[in-house]
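Each remark here refers to the structure printed beneath this line.
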Amino acid sequence: MLETFGWNTFFENSFRNHFPEDFTVGRIALEHKERYELYTSIGEVWGEISGKLRYTAVGRTDFPAVGDWVVIDLRPQERSATIHAVLPRKTKFSRKVAGIEAEEQIVAANVDKVFIVNGLDGDFSPRRIERYLLLTRESGAEPIIVLNKTDIASDLDNQIQAIKTIAQTIPVITLSATHDDTPSRFLPWLHMNETAVFMGSSGVGKSTIINALIGRDYLKTQEVRTVDSLGKHTTTHRELIKLASGALVIDTPGMRELQLWASEEGLNQTFSDIEALASQCRFSDCRHDQEPGCAVKAALENGTLDEKRYKNYCKMLRELRYLELRQDSNAARLEKMKWKKIHAAFKKNNKRK
């Protein structure tokens, strides 16, 4: 039964080699005020974090996220469980927490595919899609771009072409979730026992798409404001949902602020066209400013490289380099916290003797 929720040999090996036989596993389907709904071998149960896990956890990533497989002490009669550990993640879609804190927030764990949903209305934004593509590449999952609301697109052909230019080899799905046969559009990518997450800003139609895949109005939806094409955060929490087809999907709240949590390597993959141009510059340390023989500058001047795309690349590069500096400082703080907890536990054990 666990296989129907995405259990495979990757998680099996991690579990069997490190935990006793009287423990079992479950998958996080929903988080609600420090309580978790889990899919288990006996069905859905509620779980709570053990005191030891809560005490030893140093940062946010030590706690379960939706999609995680966790080690549990299951109480079948009570339909409840205690969560003792989080198994190693195969993939994870992360962003930086809001504010100045350089800390990772896992949005969804152990996903195979990320559907990046963008509306073709007034909220259409190729630059936002580039940010999602970067974080998806960093996650280890496969990205698919979804352009929704074809029925109200202002300039459909040019909008699609703009996205295909930045997508390169990444699949692009175009549809109107309220008019088209939505399930058929996703059949090539939603496979049995695999997990997909839908990402995008508020109002792009993620919940409408998932409702169509489920076959009923399971998730709440709201109208988008016509003034600015923005929607309210209809989805208020992340949730793992099993479809009748056997695929699993995660709905997420709209994210208007998507702060980066990635590496320069992921940036280079996302903007491989710019990296290819940079490799043709006369000087290896070219800053693409006033240097002679700059291939990037030449591409900008002749129009083969979109200036807005290049500026977004530069912006994200600055963000990542600043994030790296903040991470170094945060890593030192977390290491100090870890050792403080170890010393406290050591003193407590000595007092008992």
Side-chain angles (χ1 to χ4, degrees), residues 3-11 27-28 65-69 87-95 104-118 125-148 160 162-175 177 182-201 204-206 209-210 212-214 238-243 245-252 255 258 260-273 275 316:
E3 287 77 10
T4 65
F5 297 115
W7 183 255
N8 56 39
T9 54
F10 175 88
F11 305 111
R27 193 173 190 192
I28 303 294
V66 171
D68 267 327
W69 283 98
L87 289 179
R89 296 163 175 125
K90 190 175 182 180
T91 63
K92 57 177 180 174
F93 186 101
S94 299
R95 66 172 177 175
E104 178 183 7
Q105 178 189 13
I106 299 174
V107 179
N110 300 315
V111 297
D112 300 287
K113 296 178 176 68
V114 176
F115 289 103
I116 303 167
V117 187
N118 198 260
S125 175
R127 306 289 78 84
R128 189 184 303 127
I129 289 177
E130 288 170 343
R131 295 180 76 86
Y132 275 103
L133 282 175
L134 169 56
L135 294 184
T136 302
R137 289 188 183 279
E138 196 74 19
S139 75
E142 177 188 352
I144 298 103
I145 298 172
V146 181
L147 300 179
N148 188 26
I160 292 174
I163 298 307
K164 286 187 175 180
T165 298
I166 66 174
Q168 301 177 63
T169 60
I170 295 168
V172 179
I173 302 172
T174 59
L175 80 160
T182 299
S184 67
R185 302 294 180 93
F186 290 86
L187 277 177
W189 294 281
L190 289 174
H191 300 149
M192 183 178 292
N193 304 340
E194 287 190 352
T195 304
V197 61
F198 284 77
M199 297 286 185
S201 57
V204 296
K206 300 186 301 296
I209 292 171
I210 294 177
L213 295 174
I214 295 172
R238 301 172 190 93
E239 182 175 1
L240 176 66
I241 304 161
K242 186 170 176 57
L243 302 179
S245 65
L248 299 112
V249 296
I250 298 176
D251 187 29
T252 61
M255 294 184 287
L258 188 66
L260 299 182
W261 188 271
S263 64
E264 286 192 33
E265 181 181 353
L267 183 72
N268 294 340
Q269 291 177 353
T270 305
F271 293 87
S272 58
D273 54 335
E275 285 300 305
M316 287 197 276

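The chain is numbered in sequence order, starting from 1. Note that this is a predicted model, so its numbers are computed, not measured.
- By the 30° and 60° cut-offs, the orientation of the rings of F11 relative to W69 is tilted.
- Side chain of T252 to main chain of F198: a donor-acceptor pair is present (N/O by atom type, distance under 3.5 Å, no hydrogens or angles).
- I170 CD1 to R137 CZ: the interatomic distance, rounded to the nearest 0.5 Å, is 4.0 Å.
- Note that the CD1 atom of I116 and the CZ atom of R128 stand 12.0 Å from one another [nearest 0.5 Å].
- Residues T91 and S139 come closest through the heavy atom pair CB-O, 3.3 Å.
- Across A167 and V172, no two heavy atoms sit closer than the pair CB-CG2, 3.9 Å.
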* List the steps and the verdict of side-chain contact (heavy atoms from CB on, under 4.5 Å) for T4 and N193. => CA-CA 5 Å; T4 65; N193 304 340; 4.2 Å; yes
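- Closest non-hydrogen pair, I209 versus V117, comes out as CD1-CG1, 4.1 Å.
- Rounding to the nearest 0.5 Å places CG of D112 at 10.0 Å from NE2 of H191.
- Side chains of R89 and S94: no donor on one and acceptor on the other come within 3.5 Å.
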* Asked: Can K90 and N8 be said to form a side-chain contact (heavy atoms from CB on, under 4.5 Å), step by step?
  -> CA-CA 11 Å; K90 190 175 182 180; N8 56 39; 4.0 Å; yes
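- Residues F186 and V146 form a side-chain contact, since some pair of their non-hydrogen atoms from C-beta on lies under 4.5 Å apart.
- Salt bridge status for K206 with D251: absent, with no side-chain N to carboxylate O gap under 4.0 Å.
- In terms of heavy-atom proximity, V114 sits nearest to A141 at CG2-CB, 3.9 Å.
- The distance from the CE atom of M192 to the CG atom of L248 is 10.5 Å, given to the nearest 0.5 Å.
- Atom CD of Q168 sits in a crowded spot, with more than 12 heavy atoms from other residues, nucleotides or ligands closer than 6.0 Å.
- Considering all non-hydrogen atoms of both residues, A65 and D68 come closest at N-OD2, 2.7 Å.
- Using a 4.5 Å heavy-atom threshold, the side chains of T195 and R27 count as touching.
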* Residue pair N148, L175: steps toward the side-chain contact (heavy atoms from CB on, under 4.5 Å) verdict -> CA-CA 5 Å; N148 188 26; L175 80 160; 4.1 Å; yes
* To do: Evaluate the criterion side chain to side chain donor-acceptor pair (under 3.5 Å) for residue pair E138 and S263; output intermediate values, then yes/no.
  => CA-CA 7 Å; E138 196 74 19; S263 64; 3.1 Å; yes
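- No donor-acceptor pair under 3.5 Å is formed between the side chain of R95 and the backbone N or O of L260.
- Rounded to the nearest 0.5 angstrom, L133 CG and I145 CD1 are separated by 4.5 Å.
- Side chains of I210 and F115 form no contact here, defined as non-hydrogen atoms less than 4.5 Å apart.
- In this structure a side-chain-to-backbone donor-acceptor pair under 3.5 Å is missing from R185 to I173.
- R238 contributes a side-chain N or O that, together with a main-chain N or O of V107, makes up a donor-acceptor pair within less than 3.5 Å.
- Residues T270 and L134 share a closest heavy-atom pair of OG1-CA, 3.3 Å.
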* Asked: How far apart are the C-alpha atoms of L147 and I129, what are their side-chain angles, what is the distance that settles it, and do they pass the side-chain contact (heavy atoms from CB on, under 4.5 Å) test?
  -> CA-CA 10 Å; L147 300 179; I129 289 177; 4.2 Å; yes
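- For the atom pair CG (L267) and CD (E130), the distance works out to 10.0 Å, reported to the nearest 0.5 Å.
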